[in-house]
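The figures that follow rest on heavy atoms only: side chains count, while hydrogens, waters and symmetry mates do not. Here the structure is a predicted model, which is why all the values come from computation and not from measurement.
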Amino acid sequence: MTETLSPKTARRIALASQGFGRTPPAAPGRKHVRDLVRRLGVVQIDSVNVVTRTHYLPAFSRLGDYPREVLETEAWGARRSLFEYWGHEASLLPLELQPLLRWRMARAEAGEMWTGLSRFGRERRDYIDGVLKEIERRGPVTGADFNDAPRGAPGWWSWSDGKRALEWLFWAGLITTKTRRGFERVYDLTERALPRRILDLQTPDEADAQRELVRIAAQALGVATAADLRDYFRLPLAEARARVAELVETGELTPVAVKGWRQPAYLAAGARKPRKVAGAALLSPFDNLIWTRDRTERLFGTRVRLEIYTPAHKRTHGYYVLPFLEDEAITARVDLKSDRQAGVLRVQAAWREPDATAETAGRLAAELKRIAGWLGLGEVEMAGKGDLAAALEDALRRRT
């Protein structure tokens with residue numbers, strides 16, 4: 001018989017698998033960050049810097065006040081443990097996963113990528129090859145080294161041909177990010193940028209690589225539908241279904257039912273089933289725990305939507321909204337902005353969720369103080385908008 005899990009059990013499994021509910025280390029450092037990214041398998045990158053860039057936040061949510069330069073060293077330092085590629089979206093991934101994504105690189109080189117970039121590759125391959133030869137001759141480059149963009153052109157068409165060529169080469173795995181200056185990528189040939197020990201690893205066939213990616217996703221998610229497992233590394237639909245079936249056959253995934261879930265689910269081998277998960281955390285809107293909106297709703301019973309691209313007058317909660325995880329529930333959301341010039345973390349709005357408790361405002365205030373300190377901001381200031389704003393302002397005042 002198929003085991004049936006309660007929604008509460010499924011939520012606890014998911015939280016534990018994502019690294020929540022553990023006592024944070026006293027002094028989180030490089031090893032903790034390395035281990036966390038290996039646990040998660042992938043950390044999304046995004047350029048929006050309203051609070052701090054999203055790739056810094058998952059480690060803060062799980063480890064506490066780690067130095068942000070630690071992640072920078074692991075991602076872009078001379079002896080790094082991470083590399084950049086298309087994992088979920090633009091992502092940081094453990095170096096050891098690079099061979100598992102070579103099939104995607106090979107498909108990209110053959111034209112399987114974003115439609116506009118694929119067309120550019122077909123039409124301008126000679127130009128792309130010329131850019132690659134120039135990087136080989138010159139060494140590390142940035143997009144500014146190939147900046148011939150038409151002035152005033154909107155969207156993708158504002159990219160220069162050089163930028164398009166670099167993106168095509170990056171997707172095809174022929175170049176990669178060697179480091180970053182500020183947030184600008186510095187590209188080099190993959191064979192020069194990555195350690196020889198990684199380049200020399202055998203390239204698995206597509207099925208083996210995809211199976212391992214599903215296995216990593218399953219361990220990171222704990223309990224998940226086939227769609228959840230596929231989405232974690234954005235795998236092709238038919239191949240993802242086949243890999244899930246193979247892992248069921250080997251016993252590494254166990255079919256289960258979760259009450260209230262419309263789709264069958266799969267439990268990862270060895271997934272922990274804690275009796276409770278305790279702790280408080282502000283979540284990046286791009287955090288692995290909540291990046292799949294349907295899954296977030298199934299786990300927490302709340303709709304989390306990214307409103308960055310929504311016109312201001314149509315936003316419900318704000319521009320850059322961080323959900324607040326209180327033990328096992330999302331109990332609040334806060335629209336935050338780092339005012340670096342004034343040295344202030346501005347809470348532009350604060351909203352209750354149905355699972356909010358009498359302790360929510362106080363625990364959220366403590367977490368806001370902590371993230372402000374981590375960001376090097378001296379104060380937290382409320383704007384007064386939202387149905388939790390008054391209680392939160394009072395809780396912040398008591399902590400002053």
Looking at side-chain heavy atoms only, is the closest gap between [X] and [Y] below 4.5 Å?
X    : Y    : value
D65  : R370 : yes
P236 : E112 : no
V50  : L336 : no
Y85  : V42  : no
W351 : D335 : no
T176 : L194 : yes
L93  : L101 : yes
V141 : V131 : no

On a heavy-atom basis, which atom in [X] and which in [Y] lie closest, and how many Å separate them?
X    : Y    : value
S61  : L282 : OG-O, 2.5 Å
L221 : A224 : CD1-CB, 3.7 Å
Y66  : W374 : O-NE1, 2.6 Å
L36  : A59  : CD2-CA, 3.5 Å
A329 : F300 : CA-CD2, 4.3 Å
P140 : V186 : CB-CG1, 3.6 Å

Open item on the list: Tell me if the aromatic rings of F120 and W114 count as close, with their centers under 6.0 Å from one another.
Closed with: no
- [ ] Might you work through the salt bridge (charged side-chain N to carboxylate O under 4.0 Å, His left out) test for R398 and D394, ending with a clear yes or no?
- [x] CA-CA 6 Å; R398 290 198 303 269; D394 183 58; 2.3 Å; yes
Task: E326 and T331: CA distance, side-chain angles, deciding distance, side-chain hydrogen bond (donor to acceptor under 3.5 Å, both in side chains) verdict - done: CA-CA 6 Å; E326 185 179 356; T331 60; 2.8 Å; yes
TODO: For the pair R119 and T115, evaluate side-chain hydrogen bond (donor to acceptor under 3.5 Å, both in side chains) and give the outcome as yes or no after the intermediate values.
DONE: CA-CA 6 Å; R119 183 172 62 250; T115 303; over 6 Å; no
How many angstroms lie between atom [atom1] of [X] and atom [atom2] of [Y], to the nearest 0.5 angstrom?
X    : Y    : atom1 : atom2 : result
Q210 : E212 : CD    : CD    : 12.0 Å
R234 : L213 : CZ    : CG    : 14.0 Å
L174 : E109 : CG    : CD    : 5.0 Å
T73  : L82  : OG1   : CG    : 10.5 Å
R11  : S6   : CZ    : OG    : 8.0 Å
L283 : F60  : CG    : CZ    : 11.0 Å

TODO: Evaluate side-chain hydrogen bond (donor to acceptor under 3.5 Å, both in side chains) for R102 paired with Q98, printing each intermediate quantity in order.
DONE: CA-CA 7 Å; R102 290 176 188 165; Q98 197 268 352; 2.9 Å; yes
Would [X] end up clustered with [Y] when hydrophobic side chains under 4.5 Å apart are linked, directly or stepwise?
X    : Y    : value
L388 : V304 : no
L377 : V48  : yes
V248 : V256 : no
L97  : I198 : yes
L322 : L325 : no

Open item on the list: Surrounding CZ of R181 (heavy atoms of other residues, nucleotides or ligands, distance under 6.0 Å), is the total greater than 12?
Closed with: no
Open item on the list: Is it the case that atom CD in E184 sees more than 12 heavy atoms from other parts of the structure closer than 6.0 Å?
Closed with: yes
Got a salt bridge between [X] and [Y], using NZ or NE/NH1/NH2 to carboxylate O under 4.0 Å?
X    : Y    : answer
K133 : E136 : no
R197 : E96  : yes
D231 : R293 : no
D294 : R298 : yes
K8   : E328 : no
E246 : R243 : yes

Are the side chain of [X] and the backbone N or O of [Y] linked by a donor-acceptor pair below 3.5 Å?
X    : Y    : value
S284 : F286 : yes
R38  : P94  : no
Q44  : H88  : no
E381 : L345 : no
R53  : S47  : yes
T357 : E359 : yes
D287 : I290 : no
T310 : I308 : no
Q348 : K337 : no
R80  : A75  : yes

Between [X] and [Y], is NZ or CZ placed under 6.0 angstrom from the six-membered ring centre and within 45° of the ring axis?
X    : Y    : answer
R138 : F146 : yes
R363 : F324 : no
R185 : F170 : yes

TODO: Could you note down all residue pairs passing salt bridge (charged side-chain N to carboxylate O under 4.0 Å, His left out) where residues 271-282 supplies at least one of them, sequence neighbours left out?
DONE: E3-K273
